Amino acid sequence: MKERYDFKTIEPKWQTRWADQKIYAVPDAADKPKYYCLEMFPYPSGKLHMGHVRNYSIGDVVARYKTMQGFNVLHPMGWDAFGLPAENAAIKHGAMHPAQWTYENIATMREQLKQLGISYDWDREVATCHPGYYKWTQWLFLQLYHQGLAYKKKAAVNWCPSCATVLANEQVKDGGCERCKAVVERRELEQWFFKITDYADRLLDDLEKLPGWPDKVKIMQDNWIGRSEGAEITFTIDGMDESMTVFTTRPDTVFGVTYMVLAPEHPLVEKLIEGKPQAEDVRKLAASVRHQSELARTATETEKIGLFTGAYCINPVNGAKVPVLVANYVLMDYGTGAVMGVPAHDQRDFEFARKYNLPIRVVIQPEGVALNPDEMNEAYYGGGLMVNSGHFDGTPNEDGITAVTRYLDEKGLGHGLINYRLRDWLISRQRYWGAPIPIVYCEKCGTVPVPVQDLPVMLPMDVAFTPTGRSPLEEHAAFANATCPTCGGQAWRETDTMDTFMCSSWYYYRYTSPRDEDNAWDPASVRYWLPVDQYIGGVEHAILHLLYSRFFTKVLFDAGLVDNEEPFTNLLTQGMVLKDGTKMSKSKGNVVSPEDIIATYGADTARLFILFAAPPERDLEWSVQGVEGCYRFLNRVWRLVEPLGDSLAGVPLPGPGKMSGVNGEMRRVTHVTIKRVTEDVGNRFNFNTAVSAIMELVNALYQYREVPEMDRDRGVMKEAVETLVVLLAPFGPHIAEELWEVTGHAESVHSMPWPAYEPEAIQEDEVTIVVQINGKVRERMLVPANIKPDEMKELVMQQERVQELIAGKQVVKVIPVPGKLLNIVVK
RNA sequence: GCGGGCGUGGCGGAACGGCAGACGCGCUGGACUUAGGAUCCAGUGGGGCAACUCGUGGAGGUUCAAAUCCUCUCGCCCGCACCA
């Protein structure tokens, strides 16, 4: 026997055999219940990092466990393969095409995943940059287009003046370019959008249909959607044939308006200031705001700057004439880009009014106290009766909200409205390495969608990567010039590509029929597999990816293309992998590479440690010693099981029923372990405690081995050892498979059924209970396990020691907790 | 500012409101050994010779019983952030 188990031989041996025998290939339908286990597919950035290892180890335990439980498990893997880093790499090392870079990375990472022994059905692998995939991404775009959910409009985008290119929002960090740190500017460009805002309400309401999602994620989405109820009110501009509309959540305070504010970019601003002395200053402010907008967001408290436009508004409810200002704190892209100023009841307005000496007018009066504007230190948000509000005076302000809204509606001055923070999804990217938007522009016919039969719109490979900032597609004449699909005339192609989030928002459908050339997916397959039963990934996707996926699913549902309204029934967001208390990063030099760990300790050790060191949703601190501990444990298992060889092969397992003595105790531990591991993996995803349960079984087996041979039962030994190997299989698939073979089994351990514990075997005749006096542990005693509470009381009270302890005291109460303890309350 | 999460031995972490610290690391001792940084066995929260006693960030509270529930508070982490 070798001192250490030879993972370097064992792991490749089984990886090859599993692949040859395709034991993880899953048929589309079976008489078994289905289970779709999905981990977020990676961007092929180069090599796997520990976060990937964690993500995929967790998923693999779930997939293997469910398979052993008798489910038909879909467990696929693919690549989120379009994206900016590939293009950057191409620009950096001129010779390398993004496709080459991407496919090489995919090859490396696929190999690493295989080395980890993850049970993927590789026949279903997809890569979003493959024409066979992005054809259907384009098809999806057309679905949205034909449903009126895709539209084009001019929009401000992030522009990096140094890279001379547009940046996606996610590439802007702290107002600067992610790559070169230059300050990002805003530019206006024609862009494609998806009307995700049409689905805002459903995306919000249906969060309630997701009990299997962490509250944290649901709250984040809730905040992101940002629904708020209120009213739009229109104010006319004094002396002009113009008006401005504001959104407010407090229509009950409309009588308290003392000024109005427009966002500096608001189109009305120019009309108001034209020819007025303050025009230049206002324009200057507008220019500076437009320039700083991204940066300003990061400043904790940007100073509020306001300027008078020279114009006045008429308050429609009381005819009051109030000044119209322009201020940097009003955002153009929320609400109407204009607000009413009610300093008495809004803190921001209050501070603004004080700064610029604008009047403060109290219109909500709390009971008993009279608010005096001159003496107020802050805005009043509490309830009260409406005052200074015409015929609404005396109305409780909560009722005033609806009353005023109804009044505005009747008079045609406004109406109730629900506003959202959620913006439409900008999907245009001025990028090469992405799926082309399937649109052509014809001089005669205008915007024309590419017909489905002409898909895919192929991304040309023969492009030049010069860092001009212009997309290589714009410069590619053969691509950019097109004929109109409708009239056959001269046309040009849309040269923007799609946001990669589009590619990743539907891939879980494609896995169900990944090679279908005639459909994005086979409806029957989707009906069978969807929704995803368990989705696993990092919390960094809590909003964008998960929200977009939910949006697509609802759109597809409405189009009758899928039957599920939500894509992911259960969501597990795993924590980060840390080293020295912080996230691993190259700059900090604290990166632990998976390949080193696999080379030194093997994949099973790496997996085991990562599952054992912390519960999955919590951050995990990497520890070399912890890894060694897991390695030691696997060796301990090896030394226990391997020497047995097939000596137990013909031994019959113990029949059901209770055994006595050491054998009964060993059986009890075996079955308790089954129970614990089943509950920890199946119900709670607490893999760390599942692993410790298995460790305890091993410890018990070492003890059992010390028992004289004549007192031991070989059937009990066999049952314990086989249970150990089977329970270990999802965590350390290679070592378990090898030991399974060594102990004389022909079939794969991964096709074994998950064991069920025998309730009778875990029952104990006697249990130790704790005797407490006034809640403090004073004594322990052995009592029959099935003792009745009254009998237990009696038994305990008779005890000499207990009598001593309560001597001279008055027993007030005795609380028996069957099987656990008895608390005697004395005075 | 708003929202969410987390504070338990030297460390990672366990504990349906019921024996705090499972399991692992580390440490201590022993066995085996030419050797041990391998392995096996035992011990290991603090204080005390002991009976005991103190202990889950802090302060209150509910309860026969609180790491767990409630209130306040401190510290750290994450998300959103002028949202009208």
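Just so it is clear, the structure is predicted and the values come from calculations on it, not from any experiment.
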Inset, instruction - Take A:R705 and A:S692, find for each the nucleotide of RNA chain B with the closest heavy atom, and name the residue whose nucleotide sits nearer the 5' end. - result: A:S692
Inset, instruction - Starting from the 5' end of RNA chain B, give me the residue, A:G626 or A:I543, whose nearest nucleotide shows up first. - result: A:G626
With respect to the phosphate group of [N], does any side-chain polar atom (N or O) of [X] fall under 4.0 Å of OP1 or OP2?
X: A:R801; N: B:A51; result: no
X: A:N699; N: B:G24; result: yes
X: A:R348; N: B:C83; result: yes
X: A:R632; N: B:C40; result: no
X: A:N419; N: B:C83; result: no
X: A:R639; N: B:C40; result: yes
X: A:R421; N: B:G3; result: no
X: A:Y702; N: B:C40; result: yes

Legend entry - Neighbour count above 12 (heavy atom, 6.0 Å) for A:E794 CD: no
Legend entry - A:E804 atom CD: more than 12 heavy-atom contacts under 6.0 Å: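 Buried by this count: over 12 neighbours within 6.0 Å.
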Test side chain to side chain contact (heavy atoms under 4.5 Å, CB included) applied to [X] - qualifying residues, sequence neighbours left out:
X: A:T253; answer: A:R250, A:M340, A:V342, A:H345, A:V363, A:I364
X: A:S623; answer: A:F609, A:Q625
X: A:N699; answer: A:R636

Legend entry - Integer angstrom distance from the P of B:G21 to that of B:U56: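 Rounded to whole Å, the distance is 14 Å.
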Inset, instruction - Considering only atom C1', compute the distance from B:U63 to B:G18 and round it to an integer number of Å. - result: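 Going atom to atom, C1' in each nucleotide, I get 12 Å.
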Regarding [X], tell me which of base, sugar-phosphate or nothing describes its non-hydrogen contacts under 4.0 Å with the strands shown.
X: A:V330; result: base
X: A:S623; result: nothing
X: A:I219; result: sugar-phosphate
X: A:Q221; result: nothing
X: A:G335; result: nothing

Inset, instruction - For A:E665, enumerate each residue passing the side chain to side chain donor-acceptor pair (under 3.5 Å) test, keeping only those at least two apart in sequence or located in another chain. - result: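 Residues passing side chain to side chain donor-acceptor pair (under 3.5 Å) with A:E665: A:R668.
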Inset, instruction - Check ring-ring contact (aromatic ring centres under 6.0 Å, His included) between A:F685 and all other residues, then give those that pass, not counting sequence neighbours. - result: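 Residues passing ring-ring contact (aromatic ring centres under 6.0 Å, His included) with A:F685: A:F687.
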Inset, instruction - Verify, without hydrogens or angle tests, whether A:E265 (side chain) and A:A286 (backbone) share a donor-acceptor contact under 3.5 angstrom. - result: no
Inset, instruction - Could you tell me whether a side-chain N or O of A:R361 sits under 3.5 Å from a main-chain N or O of A:P343, the two making a donor and an acceptor? - result: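 Judged by distance alone, no pair lies under 3.5 Å.
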Side-chain donor-acceptor pairs of residues 670-679 of chain A under 3.5 Å, sequence neighbours excluded:
from, atom 1, to, atom 2, distance (Å)
A:T670, OG1, A:M666, O, 3.0
A:H671, ND1, A:E758, N, 3.0
A:H671, NE2, A:R667, NH2, 3.2
A:H671, NE2, A:E719, OE2, 2.9
A:T673, OG1, A:V669, O, 2.7
A:R676, NH1, A:E696, OE2, 3.3
A:R676, NH2, A:E696, OE2, 3.1
A:T678, OG1, A:I674, O, 2.5
A:T678, OG1, A:W754, NE1, 2.9

Which pairs, protein N/O on one side and nucleotides 31-33 of chain B N/O on the other, fall under 3.5 Å?
none

Inset, instruction - Compute the centroid of each ring, for A:F352 and then for A:Y259, and state whether the two points are separated by less than 6.0 Å. - result: yes
Nearest whole angstrom, please: distance from the [atom2] of [N] to the [atom1] of [X].
X: A:L697; N: B:C23; atom1: CG; atom2: C1'; value: 13 Å
X: A:Y420; N: B:A84; atom1: OH; atom2: C1'; value: 17 Å
X: A:I773; N: B:C52; atom1: CD1; atom2: C1'; value: 14 Å
X: A:L805; N: B:A51; atom1: CG; atom2: P; value: 14 Å
X: A:R227; N: B:G3; atom1: CZ; atom2: C1'; value: 19 Å
X: A:E617; N: B:C77; atom1: CD; atom2: C1'; value: 15 Å
X: A:R618; N: B:C78; atom1: CZ; atom2: C1'; value: 15 Å
X: A:K304; N: B:G1; atom1: NZ; atom2: P; value: 14 Å

Tell me yes or no: between the side chains of [X] and [Y], is some donor less than 3.5 Å from an acceptor?
X: A:E628; Y: A:Y601; result: yes
X: A:Q799; Y: A:Q803; result: no
X: A:N419; Y: A:Y334; result: no

Of the options [options], whose atoms approach the side-chain atoms of [X] most closely?
X: A:N688; options: B:A84, B:G13, B:C82; result: B:G13
X: A:R684; options: B:C83, B:A22, B:A15; result: B:A15
X: A:N686; options: B:A84, B:A15, B:C54; result: B:A15
X: A:R636; options: B:A14, B:C40, B:C64; result: B:C40

Inset, instruction - Identify, with sequence neighbours excluded, every residue that meets salt bridge (Lys or Arg N to Asp or Glu O under 4.0 Å) alongside A:D680. - result: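 So A:D680 forms a salt bridge (Lys or Arg N to Asp or Glu O under 4.0 Å) with A:R684.
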All N/O pairs under 3.5 Å across the protein-nucleotides 18-20 of chain B interface:
from, atom 1, to, atom 2, distance (Å)
B:C19, O2, A:R780, NH1, 2.0
B:C19, O2, A:R780, NH2, 3.2
B:C19, N3, A:R780, NH1, 3.4

List, with names and distances, any nitrogen or oxygen atoms from the protein found under 3.5 Å away from nitrogen or oxygen atoms belonging to nucleotides 9-12 of chain B.
from, atom 1, to, atom 2, distance (Å)
B:G12, O2', A:A613, O, 2.8

Would you mind writing out the side-chain donor-acceptor pairs for residues 769-788 of chain A within the sub-3.5 Å range, not counting sequence neighbours?
from, atom 1, to, atom 2, distance (Å)
A:N774, OD1, A:V826, N, 2.9
A:N774, ND2, A:V826, O, 3.4

Legend entry - Range-with-range stems of RNA chain B (Watson-Crick or G-U pairs under 3.5 Å, three or more in a row):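 If one scans RNA chain B for consecutive Watson-Crick or G-U pairs, the stems found are B:1-7 with B:74-80, B:10-12 with B:23-25, B:26-31 with B:39-44, B:45-47 with B:52-54, B:57-61 with B:69-73.
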Legend entry - Under-3.5 Å donor-acceptor pair between A:K813 side chain and B:C64 base: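 No.
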Inset, instruction - Report the glycosidic orientation of B:G9: syn if within 90° of 0, anti in every other case. - result: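 You should classify B:G9 as syn.
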Inset, instruction - Any chance you could measure A:I196, atom CD1, to A:L426, atom CG, to the nearest 0.5 Å? - result: 12.5 Å
